[in-house]
Novice: 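Below you will find the structure I want to go over with you.
Remember, it's 1-based here, ligands and their atoms both numbered in the order they're listed. Heavy atoms only: backbone and side chains are in, while hydrogens, waters and symmetry mates are out.
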Amino acid sequence: MAENLPRHPFLQGLSKHRGAPPTAVVIFGASGDLTMRKLIPAVYNLAVDNLLPADFHLIGYGRKPIPDDEFRTLAGQAVKEFSRREMNPEIWGRVVSRTTYVAGAYDDRSAFDRLAKQLDDIERRLGREVQPLFYISTPPSVFDSVLRNLGASGLAARHLGKSHHAKVVIEKPFGRDLTSAMELNRVIRSVFEEHQVYRIDHYLGKETVQDLLVQRFANAIFEPLWNRNFIDSVQITVAEEVGVGSRGGYYEQSGALRDMIQNHTMQLLALTAMEPPGSLDAEAVRDEKVKVLKAIQPLRLGRDGDVARAQYASGLLGGRPARGYLEEEGIAPASATETYAAIRLSINNWRWQGVPFYLRSGKRMARRVTEIAIQFKRPPGTLFAEGDRFNLAPNTLAFQIQPDEGLNLVLNGKVPGLETRTQPVKMNFRYSATYGSNTPEAYERLVLDAMIGDGTLFIRGDEAETSWKLYTPVLDAWAAAGRDGMDAYAAGSWGPALGDALMLRPHHHWRKP
Ligand code: BG6
């Protein structure tokens, strides 16, 4: 961090109480990709920032039989390769000296008993009780087994009634439609109490997503304008350059709506559109999110409906040829899985009635960018008309969530010169310019919050169900239609014509951020 700059506010965070009790983090799916790329580096960076509790332990749990030493070596390699900061051997040494591994199948009750014994041993050695934090980072097919065994072995109820009671973090995907999400919630609630449960959406851990809350509610200038009287429309784009890569097997069962829209994009929408909560407590924030999600009108299907889907065809990405989705590894030749989805939403409440919210997400699009753009109503142009053209641009406030994190506001200004000509100009705030570029990653914040017991940035069960309720009819209709109604877009483009056709008014069009 550059000298003489304010301490980065997100190191302090939204919550003021940052002390975690002695904790043993148990990662199920310990040799998986997410563990190595994100979770282990997150733990390491928390250690660097001195945010891990003094008595911290890490236990990997996985199907592969791996000796403790080998797991430690793998974890060290993950830190070297994926951490945002270089490995400091002394700091890492402290973490790794308290890292162990339990091998076992997820439906093997006796392996969970061995895990419980490890936790008992740690407590005996320390002479105090330790909070167990179970992190389920496995494929969803075994969520059920892990949860049931956590229940049957008594681990889920460990220290229940005390502040360092057991907690469980559940990775996405949280179900694949309303029925499966409700069933997963039912299993979770048969084992854990809701306050023990932390459902992850890693977008909520992103700095800029938290900043959205701060910008909205820590500045007086936005709230008076944040409604149907001044806002014309809202666009939320989550575009990726990457294709499906080696994840074809997973992606074929998922698609853009399940993978990105139902979760990440809807979280961005909820934070943009919710009413100010009474406090930043988890329940207050999540109540408001659920309220706004419930106010969304059911989506209209069919011709001129509110939804569009497409697959990427071959194209050019950064000047290089990129193949189409159907040619990718592990993809069925007549796959009906969408790699792009666009949605037009109406929120039927006092604040937003009549303001269209446009959402889109796609793989292999022109550029990696996640952005929330608030477009204000066009100003009356009478004073600055050129001939019979009123060409003032609408003011637009754009939160650039990633990359090149920042915030910009488009205003109309005068072009210097002897004539009075106007031109849109951009006021630009970049995080990197003010805070430096080495900011915490989403998983650091989320692992820390779960250890502390702050659920604000996690999804509540009813929130997940409300979002699935909106999209399940769309998923069902798409499944029934097969490839009928599936559009295509060239890899490296901004998406298909069907996505453009969602725009309600002639002056609405997708931004090219
Ligand atoms: C994941 C999706 O949840 O988010 C991936 O499964 C996607 O398909 C990823 O690429 C995007 O996350 P980020 O943080 O890179 O925007």
Novice: Taking atom types as modelled, is there a side-chain donor on Q253 or R258 under 3.5 Å from an acceptor on the other?
Specialist: no
Novice: If the cut-off is 4.0 Å to any non-hydrogen atom of K172, which atoms of ligand 1 fall inside it?
Specialist: 1 (C), 2 (C), 3 (O), 6 (O)
Novice: Does ligand 1 have any atom that is closer than 4.0 Å to a heavy atom of Y251?
Specialist: no
Novice: Answer yes if the side chains of D449 and Y198 hold a donor-acceptor pair under 3.5 Å, and no otherwise.
Specialist: no
Novice: Out of E463, E171, E194, which residue meets the salt bridge (Lys or Arg N to Asp or Glu O under 4.0 Å) rule with R199?
Specialist: E194
Novice: Less than 3.5 Å apart, any donor N or O on the side chain of T35 or Y135 sitting next to an acceptor on the other?
Specialist: no
Novice: Measure the CD1-CZ distance between I188 and F174 for me, rounded to the nearest 0.5 Å.
Specialist: 3.5 Å
Novice: Which atoms of ligand 1 are found less than 4.0 Å from any heavy atom of Q402?
Specialist: 13 (P), 16 (O)
Novice: Given H202, K38, E171, E240, identify the one with the heavy atom nearest to atom 4 (O) of ligand 1.
Specialist: H202
Novice: Nearest protein heavy-atom contact for atom 16 (O) of ligand 1: which residue, which atom, what distance?
Specialist: Y203 OH, 2.4 Å
Novice: In terms of residue, atom name and distance, what is the protein heavy atom nearest to atom 6 (O) of ligand 1?
Specialist: D259 OD1, 2.6 Å
Novice: Please report which non-hydrogen protein atom sits nearest to atom 14 (O) of ligand 1, along with the residue it belongs to and the distance in Å to one decimal place.
Specialist: K206 NZ, 2.6 Å
Novice: Can you sort out which atoms of ligand 1 are near K363, meaning under 4.0 Å from one of its heavy atoms?
Specialist: 5 (C), 7 (C), 8 (O), 10 (O)
Novice: Would you call the rings of F71 and Y101 parallel, tilted or perpendicular if under 30° counts as parallel and over 60° as perpendicular?
Specialist: tilted
Novice: What protein heavy atom is closest to atom 15 (O) of ligand 1, reported as residue, atom name and distance in Å?
Specialist: R368 NH2, 3.7 Å
Novice: Does a donor on one side chain and an acceptor on the other come within less than 3.5 Å for E441 and N45?
Specialist: no
